Amino acid sequence: MKILITGTAGFIGFHLANKLIARGDEVVGLDAINDYYDQNVKYGRLEFAGIDQSQIEYNKLVKSSKNPNYRFIQLQLEDKENLYKLFEAEKFDAVCNLAAQAGVRYSIENPMAYIDANIVGFINILEACRHYGVNNLSYASSSSVYGLNESYPFSTSNNVDHPMSLYAASKKSNELMAHTYSHLYGISTTGLRFFTVYGPWGRPDMALFLFTKAALKGKPIKVFNNGEMLRDFTYVDDIVEGITRVIDNPAQPNTEWSGNNPDPSTSSAPYKIYNIGNNNPVKLMDFIEAIEKALGKTIEKQMLPLQAGDVPATYANVDDLVENLGYKPSTPVQQGIDNFVAWYRDFFKV
Ligand SMILES: NC(=O)c1ccc[n+]([C@@H]2O[C@H](COP(=O)([O-])OP(=O)(O)OC[C@H]3O[C@@H](n4cnc5c(N)ncnc54)[C@H](O)[C@@H]3O)[C@@H](O)[C@H]2O)c1
């Protein structure tokens with residue numbers, strides 16, 4: 001398959017690209033390489049896949065020095081003209097859109113960044129799929145769409161109309177936008193609600209990275225909601241396995257779907273929503289203890305109240321994933337954290 005993956009200088013896109021390159025797909029990676037967090041981590045990921053920083057130029061396809069079936073282009077999703085040219089020239093069999101402005105907390109300070117990348121960027125992807133014959137689109141949504149919901153575990157059949165941040169609202173909007181394109185143009189679209197993803201090459205703005213960094217510098221960590229948080233931490237390889245199965249099994253219309261009793265997770269159109277989560281929520285304090293174990297030291301904690309936009313608990317129902325794709329994430333948290341810490345020490349030489 002010839003696949004466009006957006007967000008390949010990012011955490012999840014990097015891992016997905018590596019997996020698809022290794023199994024022999026022809027992969028084009030796209031990323032703006034923005035400075036939302038340490039760009040050295042982004043260039044490091046690209047370098048790992050054989051994309052040399054000195055070769056990168058805006059809107060130029062660069063060949064990987066390590067993988068003949070990988071090319072990379074630095075491009076903004078908002079740059080419709082050049083995005084269309086890329087689609088026209090490459091004729092992709094499938095597109096996986098992971099590029100986005102991520103982060104709940106940042107969306108409170110910088111709402112417009114989410115409209116640009118996640119709304120304008122996503123409509124450009126949808127339009128490009130429509131005009132250049134791509135019939136297999138998968139895209140990142142987020143567990144944050146569950147917002148004020150308190151019925152655990154979160155099911156894709158639940159209504160999700162009460163987001164708590166513009167980030168969550170932008171992801172829910174993507175699902176709605178995708179549905180219209182599945183309905184109007186028959187494009188297979190699958191939205192993936194990822195649950196707190198962690199692992200090697202992870203994001204510098206997320207808890208595991210922040211905690212590890214602070215701990216190694218002997219500084220205190222900020223623990224929100226006084227540690228009273230439950231997170232369905234999901235290892236990045238498990239996420240990537242789920243995405244791969246979705247790419248290989250594009251959404252089909254649900255012939256039993258009824259507008260009288262509309263299931264939000266499927267449709268009469270080729271549209272599907274999945275949760276990809278560990279289905280095994282962990283207490284934040286236990287997660288921190290696992291980091292302490294991996295580092296072999298106790299971390300000083302500063303207990304703080306819940307932050308605006310944050311949900312106290314996430315827990316994924318993954319029955320659909322098991323039933324339709326025969327798959328369930330399974331990496332134990334301690335193993336995933338150990339792998340992250342090993343990567344962190346190696347990458348930052350600490
Ligand atoms: N990591 C998680 O826990 C998590 C959870 C739920 C959902 N998600 C979603 O999964 C996707 C991947 O997340 P990640 O953790 O790898 O994030 P990331 O920030 O590491 O990767 C996203 C990449 O997209 C790029 N990008 C941002 N705006 C762009 C634009 N307008 N045009 C082109 N590129 C742009 C960034 O430069 C970045 O490299 C995102 O859509 C995110 O919202 C992530």
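Counting starts at 1 for both ligands and their atoms, following the listed order. A quick note: this is a predicted structure, and the numbers were derived from the prediction, not measured.
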Does ligand 1 have a heavy atom under 4.0 Å from the side chain of Ser141, from its backbone, from both, or from neither?
backbone
Side chains of Asp232 and Asn278: donor-acceptor distance under 3.5 Å anywhere?
no
Below 3.5 angstrom, do we get any N/O pair linking Ile12 and ligand 1?
yes
Ignoring angles and geometry beyond distance, decide whether Gly10 reaches within less than 3.5 Å of ligand 1 through its nitrogen or oxygen atoms.
yes
Within-cut-off N or O pair, Ala32 and ligand 1, under 3.5 Å:
yes
Between Phe11 and ligand 1, does any nitrogen or oxygen pair lie at a separation below 3.5 Å?
yes
For residues Pro204 and Tyr37, report the shortest heavy-atom separation together with the two atoms involved.
CD-CD1, 3.3 Å
Compute the ring centroids of Tyr235 and Tyr198, then answer whether they are less than 6.0 Å apart.
yes
Determine, for Lys283 against Glu228, whether the closest basic-nitrogen to carboxylate-oxygen distance falls under 4.0 angstrom.
no
Does Glu78, backbone or side chain, put an N or O under 3.5 Å from an N or O of ligand 1?
yes
Does the ring center of Phe72 lie less than 6.0 Å from the ring center of Tyr70?
no
Using a 4.0 Å cut-off to any heavy atom of Lys171, which atoms of ligand 1 qualify?
40 (C), 41 (O), 42 (C), 43 (O)
Tell me the protein heavy atom at minimum distance from atom 4 (C) of ligand 1, and give that distance in Å.
Val197 CG2, 4.0 Å
Give a yes-or-no answer on whether the side chains of Tyr106 and Asp205 include a donor-acceptor pair shorter than 3.5 Å.
no
Ala9 near ligand 1, heavy-atom distance under 4.0 Å?
yes
Mind checking whether Arg203 has an N or O less than 3.5 Å away from an N or O of ligand 1?
yes
Return yes or no for this condition: an N or O of Leu77 is under 3.5 Å from an N or O of ligand 1.
yes
Test your reading of the structure: does Asp31 have an N or O sitting under 3.5 Å from an N or O of ligand 1?
yes
N/O donor to acceptor pairs below 3.5 angstrom from side-chain atoms of residues 293-300, sequence neighbours left out:
from	atom 1	to	atom 2	distance (Å)
Lys297	NZ	Ala215	O	2.7

Does any N or O atom in Met206 lie less than 3.5 angstrom from one in ligand 1, N or O only?
no
Could you say whether the N/O atoms of Asn34 and ligand 1 ever approach to under 3.5 Å?
yes
Please determine whether any non-hydrogen atom of Leu75 lies less than 4.0 Å from an atom of ligand 1.
yes
How are the rings of Phe209 and Tyr344 set relative to one another: parallel (under 30°), tilted (30 to 60°) or perpendicular (over 60°)?
perpendicular
Between Phe340 and Trp201, is the gap from one ring center to the other below 6.0 Å?
no
Are the aromatic rings of Tyr146 and Phe154 close, with centres under 6.0 Å apart?
yes
Where does Thr6 meet ligand 1, judged by heavy-atom distances below 4.0 Å: at the side chain, the backbone, both, or neither?
neither
